[in-house]
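What you see is a predicted model; the values in this text were computed from it and never measured. The basis for the numbers below is simple: all heavy atoms, side chains too, and nothing from hydrogens, waters or symmetry mates.
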Amino acid sequence: MDYMTVSERIQISLAVCRIGIYTCFRALCCKGPPPPRPEYDIVCIGLTGSGKTSLLTQLCSESQENIVPTTGATNIRKYWSRYYQGSQGVIFVLDSASSEDDLETARNELHSALQHPQLCTLPFLILANHQDKPAARSIQEIKKYFELEPLARGKRWILQPTSLDNMEAVKDSFSMLINLLDEREPEPIQM
């Protein structure tokens with residue numbers, strides 16, 4: 001049995017974010033009380049430095065001054081699947097300006113997630129973050145490199161460019177994911 005240290009548990013909590021996406025999105029962009037709508041359980045995954053925590057804290061209007069990059073994340077990727085159960089959607093954040101090695105690792109992790117039994121039927125929002133950096137790859141380059149067309153055929157997924165400088169694009173991306181989640185047919189209740 002794997003026993004995690006306190007440090008590993010903290011790192012996991014930073015690396016894998018589970019959010020009530022609709023509540024956070026609604027609080028950021030809308031005025032007045034929200035109409036009754038379901039909340040969705042979303043798992044947010046991505047490599048260290050991809051910007052998961054920064055995007056989510058800015059989206060929820062929280063302070064970013066205490067954000068510390070996750071260290072040792074390579075060791076905790078094996079624990080990601082523990083957070084998949086009960087998820088209704090997936091946000092995969094990748095650093096579009098990362099090194100070739102990191103991009104290859106992100107590609108492999110995304111492929112694993114798209115094929116994981118607990119995630120393969122869920123909608124995916126793939127955020128190509130850090131588009132504001134000079135080395136950022138275009139959406140077309142990412143789509144081709146990650147082989148998204150053949151790999152994700154028949155799946156519901158969205159690939160969107162993002163950066164902390166353009167939160168409107170992030171809001172639009174989350175709105176698209178919510179629309180995919182709203183379209184999902186309810187699963188039959190088992191008695």
Side-chain angles (χ1 to χ4, degrees), residues 11-22 24-25 28-29 40 42-74 76-77 80 83-84 87 89-114 119 122-149 151-152 155-181:
Q11 290 170 1
I12 287 174
S13 68
L14 292 174
V16 180
C17 309
R18 293 184 76 107
I19 60 172
I21 187 173
Y22 183 73
C24 181
F25 175 76
L28 181 64
C29 69
Y40 295 105
I42 306 296
V43 64
C44 181
I45 54 178
L47 302 185
T48 299
S50 62
K52 300 173 298 295
T53 305
S54 297
L55 283 172
L56 294 173
T57 54
Q58 186 158 343
L59 186 67
C60 295
S61 300
E62 295 177 4
S63 172
Q64 293 190 12
E65 60 189 48
N66 293 328
I67 294 176
V68 178
T70 308
T71 57
T74 304
I76 63 173
R77 273 188 233 137
W80 282 4
Y83 293 88
Y84 294 168
S87 294
V90 180
I91 299 171
F92 189 92
V93 183
L94 64 97
D95 179 356
S96 61
S98 66
S99 69
E100 290 295 324
D101 288 344
D102 285 346
L103 202 64
E104 178 67 20
T105 302
R107 178 180 172 271
N108 292 336
E109 293 298 338
L110 177 59
H111 284 212
S112 293
L114 282 165
L119 303 180
L122 303 180
F124 272 71
L125 171 58
I126 304 163
L127 297 176
N129 199 20
H130 300 146
Q131 287 291 307
D132 53 330
K133 293 183 179 178
R137 292 157 185 89
S138 72
I139 290 300
Q140 290 304 334
E141 290 173 306
I142 291 169
K143 188 184 290 186
K144 183 178 179 181
Y145 183 81
F146 278 70
E147 301 171 325
L148 288 175
E149 294 291 340
L151 178 70
K155 300 180 187 305
R156 296 173 302 150
W157 59 274
I158 303 162
L159 172 62
Q160 287 292 110
T162 59
S163 74
L164 290 176
D165 294 343
N166 187 356
M167 286 311 289
E168 284 305 312
V170 176
K171 290 181 209 176
D172 290 344
S173 300
F174 276 65
S175 185
M176 287 185 239
L177 178 61
I178 289 169
N179 289 337
L180 281 180
L181 290 164

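Formation of a donor-acceptor pair under 3.5 Å by the R107 side chain with backbone atoms of F146 is not found in this model. Looking at S50, its side chain does come within 3.5 Å of a backbone N or O of L47 through a donor-acceptor pair. Between the K143 side chain and the S138 main chain, no donor and acceptor come within less than 3.5 Å of each other.
Checked options V170, L94, I126; the residue passing with T162 is V170 (criterion: side chain to side chain contact (heavy atoms under 4.5 Å, CB included)).
The salt bridge (Lys or Arg N to Asp or Glu O under 4.0 Å) check on K133 picks up nothing, with sequence neighbours excluded.
The distance from the CD1 atom of I158 to the CG atom of L177 is 6.0 Å, given to the nearest 0.5 Å. H130 NE2 to D132 CG: the interatomic distance, rounded to the nearest 0.5 Å, is 7.0 Å. For the atom pair CG (L148) and CZ (F124), the distance works out to 10.5 Å, reported to the nearest 0.5 Å. One finds the SG atom of C44 at 4.5 Å from the CG atom of L56 (value rounded to the nearest 0.5 Å). Note: D172 CG to M167 CE = 10.5 Å, rounded to the nearest 0.5 Å. Atom CG of residue L110 and atom CD1 of residue I45 lie 7.5 Å apart, to the nearest 0.5 angstrom.
At least one side-chain heavy atom of L181 sits less than 4.5 Å from a side-chain heavy atom of I42. In this structure, the side chains of F174 and L127 come closer than 4.5 Å at one or more pairs of heavy atoms. For the pair L55 and L164, the minimum side-chain heavy-atom distance is below 4.5 Å.
Nearest heavy atom pair, residue E100 against residue Y145, reads O-OH, 4.1 Å. For A128 against L159, the heavy-atom pair with the smallest separation is CB-CD1, 4.4 Å. The two residues G51 and N129 make their nearest non-hydrogen contact at CA-ND2, 3.5 Å. What you find for P161 and A169 is that their closest heavy atoms are O-CB, 4.0 Å. Nearest heavy atoms, L180 versus R156: O-NH1, 3.1 Å.
Sequence neighbours left out, the pairs with a member in residues 159-168 that pass salt bridge (charged side-chain N to carboxylate O under 4.0 Å, His left out) are E168-K171.
Side-chain contact, Q131 with S96: a donor N or O sits under 3.5 Å from an acceptor N or O.
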